[in-house]
Amino acid sequence: MGVSPEVARFFVDRKVPNDNIFWKGRLLYINRGNGYISIPVYYDLLHRIGLPLNMILEESHIRFMEKVMHFAMLCEYNKISFADQLDQIEQLLEGRITNRLFHDRLLGYLRQPVPMPLHGLGLELPSLNRADVFLYVLCDLPLSPAQTEHAIRLWYALHPTYLLMDDIHDYKSDKKAQDENAIIELGDGPVGFARALEIIHGNISTLAEINPVLGSYFTLTLETLADYTN
């Protein structure tokens, strides 16, 4: 995926955190699931826009990120409400917000009853915003305004691509179970697949600007999903 060796090794070698439901039952920090793989990929993108390794891989910051994932998964499992999730993360941030302007934008966006585009955050399709709580990591890093906007742009190119690819793969089972699926929201059937592929190709172009290897990886991965779109 073109991730720098320093970033890749840091996360691959990291021990699984204790008492963290996101990693519960896992023996490896980075597993095959996209939710795990996307962590080093996104941190590598942050490094590529100018954030030094000793900043983004600093121990207290990584522990904060891990706690964000813990509360996000508790919410996913309906152990806590979405509002409780935000309150818990806000408590973690007390005394350590280094990107106040972005924090206020993010909190205003996330406090909406349904996460719709606001303050330059979010996509029109609510299901593609379902992992945006991860953007809290940017509140804990001293990004410049330009870096903040770049980091947001890369996030919305990276994670929705993972989500759409997952939804293409799971389309039939999700439709049968009446579960949330972006393909259905995009128009269902051939229309939904066509619109999803259009979004993915645009995202790949954005990612390839900063990491051509990652762009090529997603292009090849997309080809393996061709049978699911027919």
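Quantities reported herein were computed from a predicted structural model and do not represent experimental measurements.
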State whether the side chain of Asn211 and the backbone N or O of Leu45 hold a donor-acceptor pair below 3.5 Å, judged by distance alone.
no

Considering only distance and modelled atom types, tabulate donor-acceptor pairs under 3.5 Å from the side chains of residues 177-186, sequence neighbours left out.
| unit_1 | atom_1 | unit_2 | atom_2 | d |
| --- | --- | --- | --- | --- |
| Asn181 | OD1 | Ile183 | N | 2.8 |
| Asn181 | ND2 | Asp167 | O | 3.0 |
| Asn181 | ND2 | Asp174 | OD2 | 2.9 |
| Glu185 | OE2 | Ser127 | OG | 3.3 |

If you look at every heavy atom in Leu86 and Tyr136, which pair is closest and at what distance?
CD2-CE1, 3.9 Å

What heavy-atom pair brings Gly2 and Arg48 nearest, and what distance separates the two atoms?
O-NH2, 2.5 Å

Which side-chain N or O atoms in residues 61-73 pair as donor and acceptor under 3.5 Å with protein atoms at least two apart or in another chain?
| unit_1 | atom_1 | unit_2 | atom_2 | d |
| --- | --- | --- | --- | --- |
| His61 | ND1 | Asp140 | OD2 | 2.7 |
| His61 | NE2 | Tyr43 | OH | 2.8 |
| Arg63 | NE | Glu59 | OE2 | 2.9 |
| Glu66 | OE2 | Arg14 | NE | 2.7 |
| Glu66 | OE2 | Arg14 | NH2 | 3.4 |
| Glu66 | OE2 | Tyr29 | OH | 2.7 |
| His70 | ND1 | Ile21 | N | 3.0 |

How does the hydrophobic cluster around Met116 look, that is, which other residues are in it when side-chain heavy atoms under 4.5 Å mark a link?
Val114

Whether Thr98 side chain and Leu141 backbone form a donor-acceptor pair below 3.5 Å
yes

Quick check: do Leu93 and Cys139 have side-chain heavy atoms less than 4.5 Å from each other?
yes

Quick one: do the Ser81 and Asp84 side chains pair a donor with an acceptor below 3.5 Å?
yes

Measure the OG1-CG distance between Thr161 and Leu222 for me, rounded to the nearest 0.5 Å.
9.0 Å

Does Phe82 reach the side chain of Leu110, with side-chain heavy atoms less than 4.5 Å apart?
yes

Counting neighbours of CG on Leu27 that are heavy atoms of other residues, nucleotides or ligands and sit closer than 6.0 Å, is the number greater than 12?
no

Applying side-chain hydrogen bond (donor to acceptor under 3.5 Å, both in side chains) to Asn31 and not counting sequence neighbours gives none

Which atom of Tyr156 lies closest to which atom of Gly122, heavy atoms considered:
OH-N, 2.7 Å

CD1/Ile49 to NE2/His150 distance, rounded to the nearest 0.5 angstrom?
6.0 Å

For residues His103 and Glu90, determine if any side-chain heavy atom of one lies less than 4.5 Å from a side-chain heavy atom of the other.
yes

Residues forming a side-chain contact (heavy atoms from CB on, under 4.5 Å) with Asn99, sequence neighbours excluded
Phe102, Leu143, Thr148

Side-chain donor/acceptor of Asn129 to backbone N/O of Leu123, under 3.5 Å
yes

Side chains of Ile204 and Tyr217: does their closest heavy-atom pair fall under 4.5 Å?
no

Go through the structure and list residues passing ring pair (Phe, Tyr, Trp, His ring centres under 6.0 Å) with Tyr162, not counting sequence neighbours.
Phe218

Partners passing side-chain contact (heavy atoms from CB on, under 4.5 Å) against Pro52 (at least two apart in sequence or in another chain):
Asn54, Met55

Just grab all the side chain to side chain donor-acceptor pair (under 3.5 Å) pairs involving residues 107-122, residues at least two apart or on different chains.
Asp87-Arg111, Tyr109-Asp132

Correct closest heavy-atom pair for Val3 and Ala8 would be CG1-N, 3.8 Å

Identify, with sequence neighbours excluded, every residue that meets side-chain contact (heavy atoms from CB on, under 4.5 Å) alongside Glu209.
Arg153

Ring pair (Phe, Tyr, Trp, His ring centres under 6.0 Å) partners of Phe10, counting only residues at least two apart:
none

Mind checking what makes ring pair (Phe, Tyr, Trp, His ring centres under 6.0 Å) contact with Phe22, not counting sequence neighbours?
Tyr36

Flag yes if more than 12 heavy atoms outside Asp19 fall under 6.0 Å of its CG atom; otherwise flag no.
no

All heavy atoms of Gly189 vs all of Tyr171, minimum pair found to be N-OH, 3.5 Å

Rounded to the nearest 0.5 Å, how far apart are CG of Leu57 and CG of Leu46?
10.0 Å

Once rounded to the nearest 0.5 Å, what's the spacing between atom CG of Asp44 and atom CG of Leu53?
9.0 Å

Looking at every non-hydrogen atom in both residues, tell me the closest pair between His159 and Ala131 and how far apart they are.
CE1-CB, 3.4 Å

Can you list every pair that meets salt bridge (Lys or Arg N to Asp or Glu O under 4.0 Å) and has a residue in residues 188-200, with sequence neighbours left out?
Lys175-Asp188

